[in-house]
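Chain A is the first sequence line, chain B the second, and so forth, proteins listed ahead of strands; every chain is numbered from 1. In this text the structure is predicted, and so the values were computed from the model without any measurement.
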Protein chains: 2
Amino acid sequence: MPISTHAEHDHQKCVNHALTIAEHLCLKRGVQLTLIRHQVLALIWENHKAVKAYELLERLKPLKNAAKPATVYRALDFLIAQGLIHRIESLNAFIGCRCSEHQHEQLLLICKYCHEVEERTATNVMLALSDELKQASFVAHSKAIEIHGICRTCATPPKA
Amino acid sequence: MPISTHAEHDHQKCVNHALTIAEHLCLKRGVQLTLIRHQVLALIWENHKAVKAYELLERLKPLKNAAKPATVYRALDFLIAQGLIHRIESLNAFIGCRCSEHQHEQLLLICKYCHEVEERTATNVMLALSDELKQASFVAHSKAIEIHGICRTCATPPKA
DNA sequence: GCGCTGATGTTGTTTTATAAGATGATGAGG
DNA sequence: CCTCATCATCTTATAAAACAACATCAGCGC
């Protein structure tokens with residue numbers, strides 16, 4: 001079931017949920033969700049759009065005057081390693097992960113208009129992919145699939 | 001059926017085939033496969049590994065003394081637009097396309113050891129993907145899937 | 001306190017990609 | 001033949017994205 005990505009949803013809930021999960025997960029794993037990391041994660045969750053590293057840097061600076069590229073990249077590295085965010089290769093951008101605890105094979109649908117990213121489990125696709133990889137005798141390390149196009153909302157003409 | 005990517009195949013055949021196809025295709029489409037574009041395409045086809053833009057630039061310089069970044073990037077843009085090569089987003093690199101004439105939904109298997117890239121049609125995966133996109137009401141523009149891992153050859157211990 | 005470890009600060013560099021304006025080649029139409 | 005348009009290229013800068021290296025600091029166990 002897709003989530004509602006556009007304006008109408010209670011986004012504060014999204015954010016709170018994501019941050020709470022992140023805190024619990026880090027605690028459980030014995031890794032530090034430090035202030036900077038927490039701030040970066042919160043910034044990423046400000047919306048459901050893919051966000052660039054230098055954009056995050058700009059947004060981080062008011063909170064953290066000394067912020068430099070390395071500051072952001074290190075936080076991003078950590079968040080990725082913990083599965084809390086995804087890196088979108090085809091955009092050099094980042095997006096909060098909705099399922100940090102579960103599997104990590106997802107389908108990312110990236111809208112070229114609103115830039116929102118929908119994350120789907122897409123079980124059937126992943127099954128077919130596993131099968132194909134088996135046939136190819138290829139051992140995959142990660143199976144993120146990034147698809148660019150136009151999302152439901154942007155495709156639908158503004159309601160009459 | 002996967003192609004043989006490693007050393008044992010007659011690579012000159014690959015190259016000639018790719019260049020011939022490219023020439024015909026450009027002729028048919030009324031676009032110019034100029035000297036520079038042809039040279040860049042040939043360089044990309046020197047092997048089946050993903051190649052970076054600045055690496056191409058270095059290799060192009062002996063042939064074309066004035067070569068600058070823009071020289072290479074323009075040629076790459078053209079080749080991509082004509083479907084003669086693929087851009088591998090997750091590597092910022094490029095690879096020759098084996099099926100310039102046909103469909104453009106492919107599965108790219110990228111080996112982290114030998115860096116060779118195998119291109120597969122993966123019909124079942126693409127069907128499952130189309131289905132999933134339909135469910136999501138998402139209109140995709142391109143459906144390249146990049147999977148990183150270890151290829152058959154690199155996974156197989158050197159023959160006893 | 002001391003020393004270990006992980007996190008951060010700081011500086012600089014590398015890698016990847018594009019912008020903008022001048023120049024050159026080719027071909028169609030007058 | 002000229003001229004204009006178009007496409008390709010050249011040239012110079014610069015932007016954007018990412019990382020390397022090393023210094024410093026904070027917390028913790030001993």
Atom pair distance, as rounded to whole Å: CG in B:L33 and P in D:dA8: 11 Å
Flag, side chain of A:H11 to backbone of A:W45, donor-acceptor distance under 3.5 Å: yes
Nearest-0.5 Å distance that lies between atom CD in B:E105 and atom CD1 in A:I147: 9.0 Å
Interface limits on DNA chain C, where chain A has a heavy atom under 4.0 Å of a nucleotide atom: C:dG6 to C:dT11
Donor-acceptor under 3.5 Å (A:E146 side chain, A:E89 main chain): yes
Sequence-aligned protein contact record of nucleotides 9-18 of chain D, with B where the base is within under 4.0 Å of a protein heavy atom and S where only the sugar-phosphate is: BBBB----BB
Any donor-acceptor N/O pair, B:K49 side chain to B:C114 backbone, under 3.5 Å: yes
Beyond-backbone contact of B:I150 with A:H141, side-chain heavy atoms, under 4.5 angstrom: yes
Validation row: A:E119, A:C99 side chains within 4.5 angstrom (heavy atoms): yes
B:L43 and B:V51, any side-chain heavy atoms less than 4.5 Å apart: no
Within-4.5 Å side-chain heavy-atom neighbours: A:Q82 and A:L25: no
